[in-house]
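Notes to accompany the following structure.
All of these numbers come straight from a predicted model, not from anything done at the bench. Heavy-atom basis, side chains included; hydrogens, waters and symmetry copies ignored.
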Amino acid sequence: MSRFPRIILLACIVFGCGILACEKAGAQQQPNLANPAYTFCDGDADCKIIHPRCSAPITVNKRHYIETDMWFHHEDQYKTCADTLALPEVKANSCVAHRCTLELT
C-alpha cells in the first residue's frame, strides 16, 4: 500500500473516533438536582422554571437551566401521562435565603 492511501485511512480512523467521542460527550446525563449549586441564587432573576412532563414544575439556577431542561426534554419523550393528571401551577418563582423556590397552587 502506498503512503497516500495509508494517510487517508489513518485520517478516516481519527476522524471517526473524534465523532464518536463528541457523541459520547454530548450524551444526556441526569442533572444532580441534590447539588445545592442547582438552586443557589442571589436574586429572583437567577431562578428559571422547568415544566417536566407528568410532574410538578421545578426551579433551577439559570446557569444550570439549559442542561436540566434538555435532560427533562430528553426523558419526557419516554413518558406518557394520564389526561386527567392535575399538575400544580406556579404562583411565584423567587429566591429565598439564596435558594430558588417555587410557590405552587
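- Counting non-hydrogen atoms of other residues, nucleotides and ligands closer than 6.0 Å to NE2 of His51 gives a total above 12.
- By the neighbour-count criterion of 12 heavy atoms within 6.0 Å, atom CD of Glu75 is densely surrounded, having more than that number from other residues, nucleotides or ligands.
- By the 4.5 Å heavy-atom criterion applied to side chains, Pro36 and Arg99 are counted as neighbours.
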Dump the intermediate steps for side-chain contact (heavy atoms from CB on, under 4.5 Å) on Cys95 and Asp46, then the final yes or no. CA-CA 8 Å; Cys95 182; Asp46 291 338; 5.8 Å; no

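- Remark: His98 pairs with Phe40, Asp42 by the side-chain contact (heavy atoms from CB on, under 4.5 Å) rule, at least two apart or across chains.
- Classified by interplanar angle (parallel below 30°, tilted 30° to 60°, perpendicular above 60°), the ring pair Trp71/His74 is tilted.
- Side chains of Asn93 and Thr59: a donor-acceptor N/O pair is present below 3.5 angstrom, by distance only.
- Under the 4.5 Å side-chain heavy-atom criterion for grouping Ile, Leu, Val, Met, Phe, Trp and Tyr, Ile50 is connected to Ile66 within one hydrophobic cluster.
- Note that OG1 of Thr68 is 6.5 Å distant from CD1 of Ile58, once rounded to the nearest 0.5 Å.
- The distance from the SG atom of Cys54 to the CG atom of Leu87 is 7.5 Å, given to the nearest 0.5 Å.
- The CG atom of Asn35 sits 6.5 Å away from atom NE2 of His64, with the distance rounded to the nearest 0.5 Å.
- In this model, Cys41 has its SG atom no nearer than 2.5 Å to the SG atom of Cys47.
- A distance-only check finds a donor-acceptor pair linking the side chain of Asp76 to the backbone of Arg53 [under 3.5 Å].
- In this structure Glu103 satisfies the salt bridge (Lys or Arg N to Asp or Glu O under 4.0 Å) test together with Lys91, sequence neighbours excluded.
- With hydrogens and angles ignored, the 3.5 Å screen pairs no side-chain donor or acceptor of Asn61 with any backbone N or O of Tyr38.
- Cluster annotation: Phe72 is connected to Met70 through the hydrophobic network of ILVMFWY side chains, with a link wherever side-chain heavy atoms come within less than 4.5 Å.
- Considering Val60, Val90, Asp69 as possible partners of Ile49, the one that fulfils the side-chain contact (heavy atoms from CB on, under 4.5 Å) test is Val90.
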